[in-house]
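Here the structure comes first, spelled out in structure tokens, and everything after it is commentary.
A, B, ... follow the sequence lines: proteins, then strands. Residue 1 opens every chain. The figures that follow rest on heavy atoms only: side chains count, while hydrogens, waters and symmetry mates do not.
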Amino acid sequence: MSSKTFYITTPIYYPSDKLHIGHSYTTVAADAMARYKRLQGYDVMFLTGTDEHGQKIQRIAEEKGVTPKEYVDHIVAGIRELWNLLDISNDRFIRTTDKQHEEVVQKIFKKLYDQGDIYKSEYEGWYCTPCESFWTEVQIKEGACPDCGRPLELTKEESYFFKLSKYQDKLIKHIEENPDFIQPASRQNEMLNNFLRPGLEDLCVSRTTFDWGIPVSFDDKHVVYVWVDALSNYITALGYLTDNDVDYRKYWPADVHLVGKEIVRFHTIIWPAMLMALGEPLPKQIYGHGWLLLEGGKMSKSKGNVVDPVILADNYGVDAIRYFLLREVPFGADGVFSNEALINRINSDLANDLGNLVNRTNAMIQKYFKGQLPEKHQEGEYDKQLEEMALQAPKKVEGYMDSLQFSSALTEIWKLVSRTNKYIDETMPWVLAKDEAKKDRLAAVMYHLAESIRIISVLIQPFMPNTAPIIWDQMGIIKEVETPWASTKIWGKLRKDVKVNDAKAIFPRIDVEKELEALEKIHKKQIKMQQCKQPTAQKEEKQSEYITIDDFAKLDLRVAKIMHAEPVKGADKLLRLELQMGGEIRQVVSGIAKHYSPEDLLGKQVIVVANLKPVKLRGVESQGMILAASDEENLLLVGLDGEMPTGTKVS
RNA sequence: UGCGGGGUGGAAAAGCGGUAAUUCGCUGGGCUCAUAACCCAGAGAUCGCAGGUUCGAUUCCUGCCCCCGCUACCA
């Protein structure tokens, strides 16, 4: 019956570290969409996964002394657990280390090579041999490696290139003719103006400098680089170029690739070009959402933010977190996460409005009708208004959902929640209850409340998959008959003599003050735990890394006095200092501008590493380094417990 | 420094050429079914600054200031 298909994807995440609330945001959004489409009768394919290759992961794994695969297995297990916890209903989970994916990527690469869309050439760049890394002109500093500071060589590396430039005009045309292809529209202009129209360069799609990747099947010195490997997950997961490509033929092209705004470029330029080269249809839409910024104002910094989704879900419930993520931020724009915002949202929208509505309705039906409404209802004033509003809500919600406006969709549902709360005040059931003659009218009022709640409960399903069934249970709503999506469009689906069950608060109110304190404590604890972990790791290393007194003697530490200080032009962290050190004046560039103003420094005595090799910073020579203690927030210069003549040796 | 986003009542956030929505908070009132909740009313904004276009600008143009993210510089 469901011939309509809907294919939605999230990006595949890079498992170099634990995921945070920002990743959850994308995935929860995709999940809400997938659930919504399923409810509408679509045959949905919802894909998420992990992008597991690359130098960075290889490096981290080496540092930890495990194989890259062992390392990612561990992280990926955690990611799957998180999606499980957040009730993510993905139909498939792809890992770029899956055998099928690797094989198909090799086939794709070979195919593009055979038809001339990938060609072998040389990649020229500045190469740092010890780091085994290439750097671009912009990245290098003073001809040295930005990582280790050692000299670079202009090196050529054999590399495979994808003919991106060939597809430039076709891409521009496609984007111009399909205004929905890139959403929101502002991103479309960004792509056209910043990348496509100025001209595309061919893309380097293989590497020889590391081997944690999919080997190029016909040239095993090379590994397939991220573009071809990662982007193609959207089709390899469906069995593209395999014996069993039923799903590919069924679901491709994708309806939406949901991505963060930082990777819009890859999805709207490189990916479509690859598909054009493969002769496959392009996805219908790429939607670039904004960031969920973790530390908004200074408020949250001082109050501390717990951003571990697991802790948040444990404390407030999965649905509350899902609600917050999708409600707080207008999809497409950036938003800010703070514990306070989260708790306020839970209190006002979930506890006060929705939770309380269900609770008071349930309580009244129990109190006035012993839990079950009679068949006979007397229609009255205000009923029509509520009915109309309830019947409009689903249409509006659908409109917003179809354009991925989750926040607006929820706002629309909550308008109905508010209207229903207001209906109680208008009809004043407690007055009706005092007059036995008005029993029928009272029954109709209760029914209107229950029916409105039923419609609300069905509408919130995609967002809050756990809450909906709880409401059904409390309100005696029968799942199969009274909760299909289409049932929201008909008033009166709920049977007249509905019988409710005992209920307790779905969303208890949270004490903001207390809770913020509690979160703060957890936050501090986490920081402590991290700090504890690091020193133990370092300790082991340090035992073999003792230095001798001779090593120390190599340092020439001197007392110096700051005679002059000024900002370095074009740098916001650097100060240029002139130091009196014995008979000489030294010029030192120091990254302390965020913590000290030039005036503060005049006349101060500091400790200088006097025999440090001079370097140029931002074009200014620095002949040494001054010592300071610093953590993430603060920085204090190291001084003397009194005054000493400048030039005095420190040991 | 480059790129991008933004500055609208206490907070968040719409509007984008013609009485400045909405939510939270605040004040006052109502009600008592309910989770100190719900309902009603009210106060509170010269829409970052300075010019310009226009009969008229928060909305268009120019310049400037500030904030945020990425980026470079923290020897």
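Atom CG of L637(A) is separated from atom P of rC74(B) by 17 Å (rounded to the nearest Å). Rounded to an integer number of Å, the gap from R327(A) CZ to rA13(B) P is 12 Å. Straight-line distance from the CZ atom of R345(A) to the P atom of rG25(B): 11 Å, rounded to whole Å. Rounded to whole Å, atom P of rA13(B) lies 15 Å from atom CG of D349(A). Going from atom CG of D502(A) over to atom P of rU35(B) covers 14 Å, rounded to whole Å. Distance, L342(A) CG to rA11(B) C1': 16 Å, rounded to whole Å. Summarising the geometry, the separation between CZ on R576(A) and P on rC74(B) is reported as 16 Å, rounded to the nearest angstrom. Separating the CG atom of D353(A) from the C1' atom of rC38(B) is a distance of 9 Å, rounded to the nearest angstrom.
Under a cutoff of 6.0 Å and an axis angle of 45°, K439(A) and F369(A) form a cation-pi pair.
Between rG10(B) and rA45(B), the two C1' atoms lie 12 Å apart (nearest whole Å). With P as the reference atom, rA20(B) and rA57(B) are 14 Å apart, rounded to whole Å.
Residue-level contact check: P429(A) touches neither bases nor backbone, having no heavy atom under 4.0 Å from any strand. At a threshold of 4.0 angstrom between heavy atoms, the contacts of N356(A) include nucleobase atoms, whether or not backbone atoms are also involved. Within the 4.0 angstrom heavy-atom criterion, base atoms lie near I506(A).
Residues satisfying the salt bridge (Lys or Arg N to Asp or Glu O under 4.0 Å) criterion with R558(A), sequence neighbours excluded, are D556(A). Taking D319(A) as the reference, N466(A), T467(A) meet the side-chain hydrogen bond (donor to acceptor under 3.5 Å, both in side chains) condition, with sequence neighbours excluded. Qualifying salt bridge (Lys or Arg N to Asp or Glu O under 4.0 Å) partners for D402(A), counting only residues two or more places apart in sequence or in other chains: K37(A). E515(A) pairs by the salt bridge (Lys or Arg N to Asp or Glu O under 4.0 Å) definition with nothing, not counting sequence neighbours. Taking Y447(A) as the reference, nothing meets the side-chain hydrogen bond (donor to acceptor under 3.5 Å, both in side chains) condition, with sequence neighbours excluded. By the salt bridge (Lys or Arg N to Asp or Glu O under 4.0 Å) test, K499(A) pairs with no residue at all, sequence neighbours left out. Qualifying side-chain hydrogen bond (donor to acceptor under 3.5 Å, both in side chains) partners for W414(A), counting only residues two or more places apart in sequence or in other chains: none. Legend: residues meeting ring-ring contact (aromatic ring centres under 6.0 Å, His included) with Y368(A), ordered by chain and number and at least two apart, are absent. Judged as a ring-ring contact (aromatic ring centres under 6.0 Å, His included), and not counting sequence neighbours, Y400(A) has no contacts.
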When you compare the protein's N or O atoms with those of nucleotides 40-42 of chain B, which come within less than 3.5 Å of each other, and at what distance?
residue: rC40(B); atom: OP1; partner: K422(A); partner atom: NZ; Å: 2.9

Under a cut-off of 3.5 Å for both distances of each Watson-Crick or G-U pair, what dot-bracket string does RNA chain B give, using [ ] for crossing pairs and | for inter-strand pairs? .(((((((.[[[..)..(...]]].(((((.......))))).....[[[[[..)....]]]]])))))).....
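Ionic pairing of E578(A) and R586(A) is not present here: no N-O contact between side-chain nitrogen and carboxylate oxygen is shorter than 4.0 angstrom.
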Generate the contact string for nucleotides 26-33 of chain B. Rules: B means base contact, S means sugar-phosphate contact only, - means no protein heavy atom under 4.0 Å. ----BSSB
Do E426(A) and L386(A) pass the side chain to side chain contact (heavy atoms under 4.5 Å, CB included) test, and can you show the C-alpha distance, the side-chain angles, and the key distance before you say yes or no? CA-CA 11 Å; E426(A) 290 170 337; L386(A) 180 62; over 6 Å; no
